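Structure first, commentary second.
Keep in mind it's a predicted model, so treat the numbers as computed, not measured.
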Amino acid sequence: MNKKQVIYYYEGETEKKLLDFLKSTTETKIKPGKTEKFNLWENYFKAIQRKINKTDELFFVVDTDKTIEEAIFLENIKLLKAYKICLIIQNKNLEDELCFVCSKNNSRLLFKDFYNVNSKNEFKGKFNKDKNLTHTLSKNNFDFNKIWSRNTDFSNWLQKNNIAININCNYRK
């Protein structure tokens, strides 16, 4: 029998950086586990299904600003119902979540306050290379209790599409 795993699936490298930070030994805020790149909107779950056991805990960080491939997403959700999964819903994307948890009025202010940059791409590059994320987040009043906590319009979309899936995850320590 295979050992139960906790796996966090992320869409972009900034989410990976934040997830790895939140499960690091100095900032353990979420359950330990591994991180893997997978986008429920763009990729078919069948491609990774054989690597996962029914007992594994699967957490999918999901952006809600680009919901183009609804058919792929819906097919993935149908397959995932047989597993122990949870969707970690981001209100739009990670930058929007960081604005909320760091009490920034907009992404331009977030970019300036974090790294004194002007664009999303510059911000992501600096965030991913940040060697002292603890300091950066602390300096910007990062409130862990607020991350991925908002009730979003996406909940309505799930309900409209008859998707009963857990979005109140038990991933926090």
Next item on the list: Could you tell me whether a side-chain N or O of N128 sits under 3.5 Å from a main-chain N or O of K124, the two making a donor and an acceptor?
Entry: yes
Next item on the list: Verify the neighbour count for atom CZ of R150: are there more than 12 heavy atoms of other residues, nucleotides or ligands below 6.0 Å?
Entry: yes
Item checked: Step-by-step side chain to side chain contact (heavy atoms under 4.5 Å, CB included) determination, F60 to L80 -> CA-CA 11 Å; F60 291 87; L80 284 164; 4.0 Å; yes
Notebook entry, point to check: Considering only heavy atoms from C-beta outward, does the side chain of T136 approach that of Y115 to under 4.5 Å?
Noted result: yes
Notebook entry, point to check: Taking K17 for the side chain and D130 for the main chain, is one N or O donor matched with an acceptor at less than 3.5 Å?
Noted result: yes
Note to self: Determine whether a donor-acceptor pair (N or O, by modelled atom type, separation under 3.5 Å) exists between the side chain of N53 and the backbone of T55.
What the structure shows: no
Checklist line | Between CG on residue N116 and NZ on residue K126, distance to nearest 0.5 Å | finding: 8.5 Å
Notebook entry, point to check: At what distance, to the nearest 0.5 angstrom, does CZ of F127 lie from CG of L137?
Noted result: 5.5 Å
Check: Given the rule that I, L, V, M, F, W and Y join up when any side-chain heavy atoms are under 4.5 Å apart, are L109 and L98 in one cluster?
Finding: no
Notebook entry, point to check: What closest approach, in Å, do K23 and P32 show between heavy atoms, and which atom pair accounts for it?
Noted result: CB-CA, 4.5 Å
Next item on the list: Give a yes or no on this: more than 12 heavy atoms of other residues, nucleotides or ligands lie within 6.0 Å of atom NZ of K81.
Entry: yes
Check: Closest approach of D63 and E15, non-hydrogen atoms and distance?
Finding: OD1-OE2, 3.3 Å
Notebook entry, point to check: Short question: side chain of E97, backbone of N91 - any donor-acceptor pair under 3.5 Å?
Noted result: yes
Notebook entry, point to check: Would W41 end up clustered with Y44 when hydrophobic side chains under 4.5 Å apart are linked, directly or stepwise?
Noted result: no
Checklist line | Closest heavy-atom pair and its distance - I48, F38 | finding: CD1-CD1, 3.7 Å
Margin query: Could you measure the distance from the CZ atom of F21 to the NZ atom of K29? Nearest 0.5 Å is fine.
Written below: 7.5 Å
Margin query: Check whether D65 reaches the backbone of N93 with its side chain - one donor and one acceptor, N or O, closer than 3.5 Å.
Written below: no
Note to self: So that I can tick it off, tell me whether K16 and D20 are bridged by a salt bridge, with the cut-off set at under 4.0 angstrom between side-chain N and carboxylate O.
What the structure shows: yes
Check: What closest approach, in Å, do N43 and I72 show between heavy atoms, and which atom pair accounts for it?
Finding: O-CG2, 3.6 Å
Notebook entry, point to check: Step by step, would you call D113 with K104 a salt bridge (charged side-chain N to carboxylate O under 4.0 Å, His left out)?
Noted result: CA-CA 9 Å; D113 288 353; K104 307 292 181 192; 2.8 Å; yes
Margin query: Are F59 and L19 packed together at the side-chain level, in the sense that at least one heavy-atom pair is separated by less than 4.5 angstrom?
Written below: no
Notebook entry, point to check: Going through the checks in order, is the side chain to side chain contact (heavy atoms under 4.5 Å, CB included) test met by L87 and L40?
Noted result: CA-CA 10 Å; L87 301 180; L40 284 172; 3.7 Å; yes
Checklist line | Side-chain (S138) to main-chain (H135) donor-acceptor, under 3.5 angstrom | finding: no
Checklist line | Check: E11 and Q90 side chains under 4.5 Å, non-hydrogen atoms | finding: no
Next item on the list: Walk me through it: do K112 and N118 pass the test side chain to side chain donor-acceptor pair (under 3.5 Å)?
Entry: CA-CA 6 Å; K112 278 284 185 210; N118 294 312; 3.0 Å; yes
Check: How far does CG of L94 sit from SG of C99, to the nearest 0.5 angstrom?
Finding: 9.5 Å
Notebook entry, point to check: Roughly how far, to the nearest 0.5 Å, is the OH atom of Y8 from the NZ atom of K34?
Noted result: 13.5 Å
Checklist line | Intermediate values then yes/no, side chain to side chain donor-acceptor pair (under 3.5 Å), N141 and S103 | finding: CA-CA 8 Å; N141 302 313; S103 300; over 6 Å; no
Check: At their closest point, which heavy atom of E36 faces which heavy atom of K51, and how far apart are they?
Finding: OE1-NZ, 3.7 Å
Next item on the list: Could you tell me whether the side chain of Y83 reaches within less than 4.5 Å of the side chain of D56, counting heavy atoms only?
Entry: no
Next item on the list: Considering non-hydrogen atoms only, spot the tightest contact between K139 and F114 and give its length.
Entry: NZ-O, 4.0 Å
Check: Does N145 offer a backbone N or O that forms a donor-acceptor pair with the side chain of D143 under 3.5 Å?
Finding: yes
Next item on the list: Flag the pair L110 / F100 as yes when at least one side-chain heavy-atom distance between them is below 4.5 Å, and no otherwise.
Entry: no
Notebook entry, point to check: Can you check ring pair (Phe, Tyr, Trp, His ring centres under 6.0 Å) on Y9 and F45, steps first, answer last?
Noted result: CA-CA 11 Å; Y9 291 96; F45 177 67; 7.8 Å; no
Item checked: From CG (L133) to CZ (F142), nearest 0.5 Å -> 8.0 Å
